[in-house]
Structures are given as C-alpha cells and as structure tokens.
Amino acid sequence: MYTNRRNFLKTAGLAAAAFPSIIPARALGQNAPSKQITLGCIGMGGQGMKYNMQPFMTHDDCRVVAVCDVFLSRAKRAQGIVHEAYQNKDCKAYQDFREILVDPSIDAVCISTPDHWHVPMALMALDAGKHVFCEKPTQSIYEGGQLVEAFAKSDRVFQAGIEDRSAAHFHKMVEWVKNGAIGQLERVDVVMPKGNDVAKDEPAAVPEDLDWNLWQGPAEYHEYSPQRTRGMSWRQIGIYSKGTILDIGTHLVDTAQLGVNDPDGCPVEVSGSGYIPAGRLTDVPTEYDLNYRYGNGVEMNVRNGEGVVWDPKSCVLKFTGSQGWIQRDGFYSGLEASDPQILRIRYSAEETRHWPLPPREHRNFLDAIQSGKTPVYPPEDLHQMCTTLFMGVHCIELGRKLKWNPAKEEYKGDQEANQLRFTPPARDWANA
C-alpha cells in the first residue's frame, strides 16, 4: 500500500548536504563525547507537545533537535519551548515532516499526528533509518500487520505511545489477575465514553499557516473545513480515525487484554450492537455494546457509559474471577475489590507471573534504543490490541457476529468483513 515511500524520500528535493554535519549518536557508540539520542518531533498539538515532546526533554540522554507541524505556527511555538528549555537557538522548525526524515543527524522521531498518518509515517521513518516512537492506534488491521513485518526485518526500535503499562494501578490489576488473586479469570468489563456526534460544516478558506494537503496525506481528499482539524472532531471521521472505540480502547482494552493473557493475543469472536450517526460528519460508532470471546474462554464486554469523548469518570475496568473481582472507576481513581485484602497482596520478583513495572514510555523508548532490547509496547502488541478494537467496529458496521482466525489474521467465512481489514488505497498526496 505504501510502496512509494522509499522513492518519496529520494525525490523529496531535500538534500542531506543542506543540514549541519552533526554525527548521529548511533554512529558514535559508547565512545561518543555525548550519548544523547537526537529526536525530531512531528505533530505539535496538545499530545505531541505536552505529553510527548516535553517529557522527552526531561531526559539528559535525549535532545530534541527538530519540530514539525502542518500548522507552521504550532511548529514555531514548539521551537520556542525547546529554545527556552535548552537555552539555545539550534532547534529547527518545519512544516513538512520529510525534512526531518532526510536529516542524517536525527536518530529517532516522535509521531503525534492524527491516526491516518501513524503507520504510513512510521514506515517512511523506518526507511529513513530512524527509530520510531508513535502514537496509537493504527488505521486498519492490515496496517498493523505491515508495521509488525517492517520492524521485524529491521534493527530499529518501535515504541507505541501508550502510558498505561507503566501506570502502577493498571499494572497491579494485571499482576493480581495473572497470579490468581481473584481465582480463574472469567470476565472483563470495560466502560468507556460515547463518541462525539459532529455535524457537517461548510468548506472554508484554508488557514494561511496550514498545509492542508499534508494534513490529509494518504486519506481521501476533501475541501478544508474547521471541523476536520479541530480538537477531537477528526477522531469521529472514518478516513482519519475510527472513533472512541479505537481512541480510549487502546488504553483500557489493552490492560484488559493483558489480564486475559490469551496466547492468541486477541479474541476469536465478537458480537453486539452500536450506533453510527447518519448524515453527519461523524461516520463511526458513537455508542456501542460489544461482547468478545477469547480462545481461552474469557469473555469481555466493552460498552459506552453516559460521558462523551474523553470523560475519565466514564471509564471503568473490572476483572471478575471465580473467587472475586477487582475494579477501577476512572483513570484517576483508586482500586476496589470484592475483598479489600486482595489489594494488599504483594509478590516477590520470583513469585510474580507479570513483568516488573516498566518506566514511562518515553524513558522505555530511549532505553530500548541504547540496549537493543524490546520496548514495553512493540508493534506486535499494538497490532493485536488494535485488531480487537477493529473487530468491534466491523461488527457494528456489518450488524452481525464475526469470528476471527488469529493464525491467519482474517475473519472466518466472511468476505465482506475481510475487506474491512484494509485501508483504502492511499491518495497520491506526494504529487498533489
């Protein structure tokens, strides 16, 4: 689907000689005078700047040397933050991410764009020899498989930008479940917010500082309107994202799936119902009630609560076993259990069946680059988790139960459902 990405890097018209002759840290090894990993940040919205770029800047072995956003004013604002933090004037600000990819002095990129750009941009960065830290989710099941295959053949590191595996509360829930504190796991309940119903709006003049062609990238072309780039609205438009199920689900359902601990990684069946608005800009499920079954017999229900979009109070995760349950209401609340004594159980390193609590995702990414070890959230895990969530979206779109073959990564006996695994052919945005 993205077979042109190598040629695209070669024909971008951006000569490497135009960049300062900085030797990348990866070329210097342990004898480098500075072992800092040079980082280019792409996408300078709230997530990209506050939750990715600035955390990376707190680590002494990382140096942000370039920032980029299709809204040039955002890139300039991020550049100012970097200069103030480092007390220098060396950070480059770009509108076109390709300028970061062809810069040989940059070791790694941080991708914080809308969802439809995640995998295409990550693959282009890999072709350019960069390590990749990328926000979630993928835009299709097929894209996830592409990501796994590409990085498996490389020596570059991919880390998905999901923080929950390093969150102590979620980590302890999984540890208690895996170690049998609630007996044999039988069921998981996940409650998340509703999606936002975005009304259609009229085409408008493209803002002067926006490269609208680059914002759309591989997605189907549409005239610009403010709703398409504003806040959470683009998450409810299918050609850019698949809605709240994929957005919030990549947090809570990931933790749920870790607790389920099925060898296949994702369910074998999904059924349920949902609601997709008609005649609106929103064309993805905004309401949902989905029932999954895993190969090991565990069942999971994923449904919406009453809150809308990103409402932490409408997020619930509950594990129920043969001897009790544990639950967390909201992202910022404590834990509850059928027996409070469960919450006091501690396991030694020799006893536990779960991995140790890892550092935050940014620190883990830098450590993986330096050590060569697999990060806490590699492409395989992102792919399996997104597959689960896409199964739910496809179930709602088709209005029927779907059965999944994890080994073949396809739906059983359902040609129409199998077509939904793929992203539509990419628009030729490079020549637009």
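Since we're looking at a predicted model, the values are computed, not measured.
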Quick one: do the [X] and [Y] side chains pair a donor with an acceptor below 3.5 Å?
| X | Y | value |
| --- | --- | --- |
| Ser225 | Asp201 | yes |
| Ser112 | Gln47 | no |
| His83 | Lys89 | no |
| Arg303 | Asn291 | no |
| Tyr294 | Glu269 | no |
| Asn52 | Glu135 | yes |
| Gln139 | Ser241 | no |
| Gln159 | Asn364 | yes |
| Ser273 | Asp289 | no |

Practice item. Count the heavy atoms belonging to other residues, nucleotides or ligands that lie under 6.0 Å from CZ of Phe71, then report whether that count exceeds 12. Key: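 Yes, enclosed.
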Check your understanding: Does the side chain to side chain donor-acceptor pair (under 3.5 Å) test come out yes or no for Thr255 and Asp164, once each step is laid out?
Key -> CA-CA 7 Å; Thr255 301; Asp164 302 77; 4.8 Å; no
Review point. So Asp254 and Arg165, salt bridge (charged side-chain N to carboxylate O under 4.0 Å, His left out) or not? Walk me through it.
Key: CA-CA 9 Å; Asp254 177 62; Arg165 292 189 176 186; 2.9 Å; yes
Practice item. Could you pull out the closest heavy-atom pair between Pro406 and Val268, with the gap in Å? Key: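 That would be CG-CG1, 4.0 Å.
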Exercise for review: Of all the heavy-atom pairs spanning Leu126 and Val132, show the shortest one and how long it is.
Suggested key: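 Result for this residue pair: N-CG2, 4.4 Å.
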Check your understanding: For Gln236 and Thr286, what are the C-alpha separation, side-chain angles and deciding distance, and is it a side chain to side chain donor-acceptor pair (under 3.5 Å)?
Key -> CA-CA 8 Å; Gln236 312 303 319; Thr286 56; over 6 Å; no
Review point. Mind checking whether Met192 and Val190 have side chains closer than 4.5 Å, heavy atoms only?
Key: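 In contact.
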Review point. So do Val188 and Tyr292 actually touch side chain to side chain, heavy atoms under 4.5 Å?
Key: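 The answer is no, as the side chains (C-beta and beyond) never meet within the 4.5 Å cut-off.
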Practice item. Kindly state whether the ring of His354 and the ring of His171 have centres lying under 6.0 angstrom apart. Key: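 Yes - the distance between ring centres of His354 and His171 falls below the 6.0 Å cut-off.
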Check your understanding: Strictly under 6.0 Å, is that where the ring centroids of Phe133 and Phe56 end up?
Key ->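 Yes, the ring of Phe133 comes within the 6.0 Å limit of the ring of Phe56, centre to centre.
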Review point. For Trp215 and Tyr240, what are the C-alpha separation, side-chain angles and deciding distance, and is it a ring-ring contact (aromatic ring centres under 6.0 Å, His included)?
Key: CA-CA 10 Å; Trp215 193 98; Tyr240 311 131; 4.9 Å; yes
Exercise for review: Starting at NZ of Lys194, measure out to CG of Asn304 and round the result to the nearest 0.5 Å.
Suggested key: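 Here the interatomic distance stands at 6.0 Å.
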Review point. Going from CG on Asp69 to CD on Gln95, what distance comes out if it is rounded to the nearest 0.5 angstrom?
Key: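 Nearest 0.5 Å value for the CG-CD distance: 8.5 Å.
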Practice item. For salt bridge (charged side-chain N to carboxylate O under 4.0 Å, His left out), just list the numbers for Arg363 and Asp61, CA-CA rounded to whole Å, side-chain angles, deciding distance to a tenth of an Å, and then say yes or no. Key: CA-CA 10 Å; Arg363 178 67 263 166; Asp61 56 350; 2.6 Å; yes
